[in-house]
Amino acid sequence: MKFPSSAAVIRIFRALAIAEAFSWAALLAGMALKWVTRTTELGVQIAGPIHGAFFIGYAIAALSLWAMLRWPFRVALLSGISAVFPFATVWFERWAGHRGHLTVPGAETRSRGGVTTEATGLLDGERNGEQTAGNLESAANGPAARR
């Protein structure tokens with residue numbers, strides 16, 4: 001059996017993080033209809049199983065990435081905790097992406113500016129000793145400016 005690549009699992013994880021948050025919103029709206037307005041249980045009956053499926057998919061994707069990308073335990077724990085609180089999966093996905101936990105080591109990625117960089121923590125445009133005005137400015141401002 002062939003397993004999906006790390007890049008594919010990362011894409012799936014990102015999509016599930018967003019879908020899980022939207023399903024949380026739908027479930028919360030359904031719960032409001034059921035318990036606050038006492039009009040219908042239909043929202044919970046529809047959104048509940050959908051949210052459950054996205055929740056389980058998110059958990060499986062997070063566990064897969066923990067193993068594939070060798071996340072530290074703290075990162076894996078945060079991914080699990082984020083699934084419990086409404087909309088926290090989107091926060092975790094952004095946080096992990098900014099800290100490099102959602103990149104394949106050694107693979108090339110596209111930065112927002114369109115400059116291709118290696119996923120090894122290098123500044124934009126800095127490959128094989130090449131320097132650009134953007135990364136020289138970041139280097140001059142120190143490590144805090146790069147975060």
Point to revise | Approximate separation, where rounding is to 0.5 Å, of Arg38 CZ and Leu33 CG | key: 12.5 Å
Check your understanding: Around Phe22, counting heavy atoms of other residues, nucleotides and ligands shown, do more than 12 lie under 6.0 Å from its CZ?
Key -> no
Exercise for review: Could you tell me the separation between the OG1 atom of Thr89 and the CZ atom of Phe54, rounded to the nearest 0.5 Å?
Suggested key: 11.0 Å
Review point. Are Val104 and Leu65 connected, step by step, through hydrophobic side chains (Ile, Leu, Val, Met, Phe, Trp, Tyr) whose heavy atoms are closer than 4.5 Å?
Key: yes
**Study point:** Linked, directly or transitively: Val84 and Leu78 (ILVMFWY side chains, under 4.5 Å)
**Key:** yes
**Study point:** Approximate separation, where rounding is to 0.5 Å, of Ser23 OG and Ile46 CD1
**Key:** 13.5 Å
Exercise for review: Locate the shortest heavy-atom distance separating Ala17 from Val90; write the atom from each residue and the value.
Suggested key: O-CG2, 3.9 Å
Practice item. Hey, can you tell me if Phe92 and Trp95 have their rings parallel, tilted or perpendicular (30° and 60° cut-offs)? Key: tilted
Review point. Do Leu27 and Phe85 belong to the same hydrophobic cluster, where Ile, Leu, Val, Met, Phe, Trp and Tyr are linked whenever their side-chain heavy atoms lie under 4.5 Å apart, directly or via other members?
Key: no
Practice item. Nearest 0.5 Å please: distance from the OG atom of Ser6 over to the CZ atom of Arg11. Key: 10.5 Å
Study note, to complete from the structure: Closest non-hydrogen contact found for Val9 with Pro4 is CG2-CG, 3.9 Å
Practice item. Give the minimum heavy-atom separation between Leu42 and Thr40, together with the two atoms involved. Key: N-OG1, 3.0 Å
Review point. Between Ser82 and Tyr58, do the side chains contain an N or O donor and an N or O acceptor separated by less than 3.5 Å?
Key: yes
Below 3.5 Å, can you tabulate the donor-acceptor pairs from side chains in residues 66-77 to any protein atom, sequence neighbours excluded?
{"residue": "Trp66", "atom": "NE1", "partner": "Trp71", "partner atom": "O", "Å": "3.1"}
{"residue": "Trp71", "atom": "NE1", "partner": "His101", "partner atom": "O", "Å": "2.7"}

Study note, to complete from the structure: Between Leu102 and Arg14, the two heavy atoms sitting closest are CB-NH2, 3.5 Å
Exercise for review: Could I get the full list of side chain to side chain donor-acceptor pair (under 3.5 Å) partners for Ser64, not counting sequence neighbours?
Suggested key: none
Check your understanding: Are Trp91 and Ile81 linked, directly or through other ILVMFWY residues, by side chains that come within less than 4.5 angstrom of each other?
Key -> yes
Check your understanding: Rounded to the nearest 0.5 Å, how far does CH2 of Trp24 lie from NE2 of His51?
Key -> 4.5 Å
Exercise for review: Would you give the length of the straight line joining atom CZ of Phe13 to atom CG of Leu63, rounded to the nearest 0.5 angstrom?
Suggested key: 10.0 Å
Check your understanding: In terms of hydrophobic clustering (I, L, V, M, F, W, Y; side-chain heavy atoms under 4.5 Å; direct or indirect links), are Phe55 and Ile50 co-clustered?
Key -> no
